[in-house]
Amino acid sequence: LIRWASQGNIKLLWTSTVGLSGLITVIATPLITFTMMYYKEKLRYEIRKGLHYLFYVFAIAMCFHVPPNALPNGGFIAPVLGSCIVLYTLDAMYVYIFMTEKIE
């Protein structure tokens with residue numbers, strides 16, 4: 001961000017796909033990591049579980065961060081993280097559907 005600002009390119013932050021997806025990633029990452037590192041014991045389980053769903057925001061933003069035509073140096077991120085999103089979703093659906101218990 002400092003480099004873009006010093007070069008006069010800060011407008012790329014909201015006008016380009018790379019800038020916008022990077023900004024979303026920079027905002028989502030501390031929300032996911034810092035709360036788990038420093039506030040894990042202070043947060044209720046439901047809030048921590050909800051914060052884990054920010055992985056979707058992070059992963060989707062990263063899918064759009066590097067254009068696919070950047071292969072072989074970086075265009076692989078979309079299929080790799082896209083696969084992670086699919087696996088994470090399938091796992092979450094399985095747990096939601098089959099591993100719930102009725103508590104009376």
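Reckoned from all heavy atoms, side chains included, excluding hydrogens, waters and symmetry mates.
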*Heavy-atom count around I2 CD1 within 6.0 Å, excluding the residue itself: above 12?*
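Count not over threshold, so no.
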*asked:* Looking at F64, I'd like to know if its CZ atom is crowded, meaning that more than 12 non-hydrogen atoms belonging to other residues, nucleotides or ligands lie closer than 6.0 Å.
replied: no
Using distance only, find each side-chain donor-acceptor pair of residues 26-38 under 3.5 Å and give its atom names and separation, not counting sequence neighbours.
| residue | atom | partner | partner atom | Å |
| --- | --- | --- | --- | --- |
| T29 | OG1 | T25 | O | 2.8 |
| T33 | OG1 | T29 | O | 2.8 |
| T35 | OG1 | L31 | O | 2.7 |
| T35 | OG1 | I32 | O | 3.4 |

*Contacts of type side-chain contact (heavy atoms from CB on, under 4.5 Å), residue L12, not counting sequence neighbours*: W4, N9, T15, S16
*With sequence neighbours left out, write down each residue that passes side-chain contact (heavy atoms from CB on, under 4.5 Å) with L81, or none if nothing qualifies.*
A59, M62, C63, I77, C84
*Would you kindly confirm whether I97 and Y94 end up in one hydrophobic cluster when ILVMFWY residues are joined by side chain heavy atoms under 4.5 Å apart?*
yes
*asked:* Once side chain to side chain donor-acceptor pair (under 3.5 Å) is applied, do any residues pair with T17, and if so which ones, sequence neighbours excluded?
replied: none
Do any side-chain atoms of residues 40-58 form donor-acceptor pairs under 3.5 angstrom with protein atoms, and if so which ones, sequence neighbours left out?
| residue | atom | partner | partner atom | Å |
| --- | --- | --- | --- | --- |
| H52 | ND1 | R48 | O | 2.8 |
| Y56 | OH | T89 | OG1 | 3.0 |

*Residues sharing V86's hydrophobic cluster, by side-chain heavy-atom contacts under 4.5 Å among ILVMFWY, directly or via others?*
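Members besides V86, by chain and number: L90.
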*Closest approach of H65 and S21, non-hydrogen atoms and distance?*
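Where H65 meets S21 most closely, the heavy atoms are ND1-OG, 2.9 Å.
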